[in-house]
Amino acid sequence: MSVTILVGSQWGDEGKGKIVDILSEKFDIVARYQGGANAGHTVEIGDKKYVLHLIPSGILRDKCICVVGNGVVIDPVALLDEIALLEKLGINVEGRLFISHNAHLIMPYHKLLDSIGESSESKIGTTGKGIGPCYIDKYARKGIRIVDLLNRKVLEEKIRRNLKEKNDLFTALYHREALGVEEIIKTYLEFDKKIDKYIKDVPVYLNNAISEGKSILLEGAQGALLDVDHGTYPFVTSSNPTSGGACTGTGIPPNKIDTIVGIVKAYTTRVGMGPFPTELLDSDGKLLQNAGSEFGATTGRPRRCGWFDAPLVKYSSVINGLSYVAVTKLDVLSCFKNIKVCVNYMLDGKILKSFPTDVDRLSRVQPVYETLQGWNSDITNCTSYASLPNKTKQYLDFISEAAEIKINIISVGPKRAQTFSAM
Ligand code: GDP
Ligand code: IMO
Ligand code: MG
């Protein structure tokens, strides 16, 4: 029996998809626990590249069962498109994919509200997938869930009630056209036929699987610093990517969790707005962006890039309870003669003892850097820790000590073979 949580340890896009793909070889079930189609998890196998948004990355291992938990917000259009694309690529999801009856549905008005929010002064650079407005309805107890697809009368009633309220808002407050009620009802009534076969009582299914001795990998989306409670609020997503979210988002109790794996990029990136202490706005930032192909897997937006931030990863490790980490994209740093690592934050002339999540203080901190010599050579063909240059090993030792993390896995390229143990 083993239940492992895999979390993004920074601001997302750490390479979670790649490491889930590696680890899932040894797991019976892979389950997503939060977020939605705002995620973009890339897996490269041979010359094929897959980008998963809603479906767990374990779907690429044909022995894995994949589950979408209650904590995820599901856009049925995105889900069906993703299933169709996978099937076109020869990946069969029939009997291998289940979605929670308690997951909330993203509705057309959520996407519209997301785009209206982004055109206001309180813009945060969202992915535009309707994530925030859907979670707002969930917590306001107005949401429509997957289970509602099974009762046509209830579904129609709930859509009518929600659309009445939303259309009043669109017309009176935002001076926009009302959304077509009958059209949305017709579309959502039809999802029932297509989605029915995937619906499961996920907490029961997963807890029975644990009793039967099956192993489960819980795949987080986004990253700890985008967590609505523990991240750089309000520049966050609307769910809990941190490890605690894996329990509420699947119905697996905390005492069943064995291991928590953090995915840590060897430097730092962020998409969207919000403070970023180690951000590089110079040619080094551009170099990281180009060498790391740092463009969003969901929106194609360029990712902001900066040096490794040890206070941030240390904070992330504490709130996630990381057992160990996988360091990804180490190869990207090969292009630098010297590499900087932020080891402390200074604020108002004093070294900070803890990571400030309030954006006012975080945007004013001065990073304190240590400079390490780079290895300046190609490491993408390395297949073991022993074969890494000494200076690469020194970099790993340095960040491990500075961020107080245990590094167990190293990734030096996007492919499966470019991954090895740090022993
Ligand atoms: P996720 O959202 O955390 O799954 O990460 P993304 O898929 O959004 O972004 C990570 C990107 O880096 C993808 O394009 C991966 O193929 C790529 N990648 C993952 N690991 C490595 C690595 O070790 N080296 C390099 N160069 N690319 C990597
Ligand atoms: P993966 O799983 C990086 C960011 C958006 C924006 C903020 C809120 O691929 O790591 P949202 O659409 O969630 O309301 O946007 O969160 N964001 C991500 N950044 N990786 C992601 O997912 C992200 N999902 C959302 O850019 O700043
Ligand atoms: Mg991503």
Side-chain angles (χ1 to χ4, degrees), residues 6-22 32-45 48-54 56-57 72-73 75 106 110-111 113-115 117-118 123-136 219-228 231-239 241 262-267 269-274 276 288 290-304 326-335 378-380 382 409-420:
L6 181 143
V7 293
S9 309
Q10 293 144 316
W11 274 298
D13 302 326
E14 299 89 350
K16 295 176 292 293
K18 178 193 158 160
I19 303 298
V20 169
D21 173 59
I22 299 287
R32 268 279 302 272
Y33 60 84
Q34 45 67 238
N38 49 350
H41 296 177
T42 316
V43 181
E44 286 194 26
I45 305 171
K48 287 211 178 97
K49 184 168 164 174
Y50 305 86
V51 182
L52 285 314
H53 299 286
L54 268 171
S57 307
V72 177
V73 285
D75 177 352
I106 296 212
H110 292 138
K111 292 189 209 166
L113 283 166
D114 198 353
S115 82
E118 285 298 286
K123 170 181 165 77
I124 52 172
T126 72
T127 59
K129 304 288 178 188
I131 305 296
C134 184
Y135 280 113
I136 290 175
E219 173 177 351
Q222 288 82 51
L225 275 299
L226 287 172
D227 188 288
V228 68
T232 50
Y233 190 90
F235 300 103
V236 292
T237 190
S238 299
S239 65
I263 311 304
V264 173
K265 202 179 270 193
Y267 47 98
T269 61
R270 162 162 220 174
V271 197
M273 297 161 78
F276 181 173
L288 275 176
N290 289 330
S293 305
E294 294 296 355
F295 297 90
T298 297
T299 58
R301 288 179 291 175
R303 295 174 183 149
R304 299 157 64 191
V327 172
T328 59
K329 305 194 90 160
L330 192 56
D331 53 299
V332 175
L333 293 175
S334 297
C335 54
D378 184 9
I379 57 168
T380 54
C382 291
I409 300 172
I410 294 166
S411 170
V412 292
K415 305 256 189 264
R416 278 178 174 170
Q418 293 170 306
T419 327
F420 46 86

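One-based numbering, in listed order, for ligands and for the atoms of each.
When only modelled atom types and interatomic distance are considered, Lys265 and Thr269 share a side-chain donor-acceptor pair under 3.5 Å.
Residues Lys415 and Glu44 are paired through a salt bridge, judged by an N-O separation under 4.0 Å between the basic side chain and the carboxylate. Between Glu294 and Arg270 there is no salt bridge, since no side-chain N of the basic residue sits under 4.0 Å from a carboxylate O of the acidic one.
Protein heavy atom nearest atom 15 (O) of ligand 2, with residue, atom name and distance: Thr126 CA, 3.3 Å. Regarding atom 20 (N) of ligand 2, its nearest protein heavy-atom neighbour is Asp13 OD1, 3.1 Å. Regarding atom 1 (P) of ligand 1, its nearest protein heavy-atom neighbour is Lys16 N, 3.5 Å. Closest to atom 26 (N) of ligand 1 among all protein heavy atoms lies Asp331 OD2, 2.7 Å. For atom 10 (C) of ligand 1, the closest non-hydrogen atom on the protein side is Asp13 O, 3.9 Å. Closest protein heavy atom to atom 12 (O) of ligand 1: Lys329 NZ, 3.0 Å. The protein non-hydrogen atom at the shortest distance from atom 25 (C) of ligand 2 is Gln222 CG, 3.8 Å. When only non-hydrogen protein atoms are considered, atom 13 (O) of ligand 2 lies nearest to Thr237 OG1, 2.6 Å. Regarding atom 6 (P) of ligand 1, its nearest protein heavy-atom neighbour is Gly40 O, 3.5 Å. With respect to atom 27 (O) of ligand 2, the closest heavy atom belonging to the protein is Val271 O, 3.0 Å. Counting only heavy atoms of the protein, atom 12 (O) of ligand 2 lies nearest to Thr127 OG1, 2.6 Å. The nearest heavy-atom contact from the protein to atom 15 (C) of ligand 1 is Thr42 CB, 4.0 Å.
Residue Gly413 has at least one heavy-atom neighbour below 4.0 Å for each of these atoms of ligand 1: 20 (N), 21 (C), 22 (C), 23 (O), 24 (N), 25 (C). Listed by atom number, the atoms of ligand 2 under 4.0 Å from Ala221 heavy atoms are 2 (O). Using a 4.0 Å cut-off to heavy atoms of Gly17, the atoms of ligand 1 that qualify are 4 (O). Every atom of ligand 2 with a heavy atom of Gly272 under 4.0 Å away is listed here by number and element: 27 (O). The atoms of ligand 1 that sit less than 4.0 Å from any heavy atom of Ser411 are 20 (N), 21 (C), 22 (C), 23 (O). Of all atoms in ligand 1, numbered sequentially from 1 with element shown, those under 4.0 Å from a heavy atom of Gly15 are 1 (P), 3 (O), 4 (O), 5 (O).
Looking at Asp13, its N, O or S atom nearest to the Mg ion (ligand 3) turns out to be OD1.
Heavy atoms of Arg301 found under 4.0 angstrom from ligand 2 belong exclusively to the side chain. With a 4.0 Å cut-off on non-hydrogen atoms, Lys18 touches ligand 1 through its side chain and not its backbone. The part of Lys16 lying near ligand 2 is the side chain, judged by heavy-atom distances below 4.0 Å. By the criterion of a heavy-atom distance under 4.0 Å, the backbone of Val236, and not its side chain, is placed next to ligand 2. The backbone of Trp11, and not its side chain, has at least one atom closer than 4.0 Å to an atom of ligand 2 (non-hydrogen atoms only; backbone = N, CA, C, O). Using a 4.0 Å cut-off between heavy atoms, Leu226 contacts ligand 2 through its side chain alone, with no backbone atom that close. Heavy atoms of Thr380 found under 4.0 angstrom from ligand 1: none, in either backbone or side chain.
In this structure, Gly125 has a heavy atom closer than 4.0 Å to ligand 2. Contact between Gly12 and ligand 1 is absent, with no heavy atom of the residue lying under 4.0 Å from the ligand. Not a single heavy atom of Thr299 sits under 4.0 Å from any atom of ligand 2. Assignment of His41 to the shell around ligand 2 is supported, since a heavy atom sits closer than 4.0 Å. Residue contact annotation: Arg303 has no non-hydrogen atom under 4.0 Å from ligand 2. Under a 4.0 Å heavy-atom criterion, Gly40 is in contact with ligand 2.
Under the side chain to side chain donor-acceptor pair (under 3.5 Å) test applied with Asn38, the options Gln222, Lys129, His53 reduce to a single match, Gln222. Partner of Thr42 under the side chain to side chain contact (heavy atoms under 4.5 Å, CB included) criterion, out of Val51, Asp13, Asp21: Val51 alone.
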I would like to know whether Ser9 and Glu14 meet side chain to side chain donor-acceptor pair (under 3.5 Å); could you show each step before the answer? CA-CA 8 Å; Ser9 309; Glu14 299 89 350; 5.8 Å; no

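Nearest to atom 9 (O) of ligand 1 by heavy atom, out of Arg303, Gln418, Glu294, is Arg303.
Without hydrogens or angle criteria, Arg303 side chain to Gly272 main chain gives no donor-acceptor distance under 3.5 Å. Using modelled atom types, one side-chain atom of Thr298 and one backbone atom of Ala39 make a donor-acceptor pair closer than 3.5 Å. A donor-acceptor pair under 3.5 Å is absent between the side-chain atoms of Gln10 and the main chain of Val264, judged by distance alone. Listed for the Lys18 side chain is a donor-acceptor partner under 3.5 Å among the backbone atoms of Gly413. Gln418 places a side-chain N or O within donor-acceptor distance of the main-chain N or O of Thr380, the cut-off being under 3.5 Å. The backbone N or O of Gly296 lies less than 3.5 Å from no partner atom in the side chain of Thr299, so there is not a single donor-acceptor pair. The backbone N or O of Leu330 lies less than 3.5 Å from no partner atom in the side chain of Tyr267, so there is not a single donor-acceptor pair.
Between Ser238 and ligand 2, not a single N/O pair is under 3.5 Å apart.
Not one N/O/S atom of Lys16, from backbone or side chain, sits under 2.8 Å from the Mg ion (ligand 3).
Within the 4.5 Å cutoff, the side chain of Val412 has heavy atoms near those of the Phe420 side chain.
Note that the CG atom of Leu226 and the OH atom of Tyr233 stand 13.5 Å from one another [nearest 0.5 Å].
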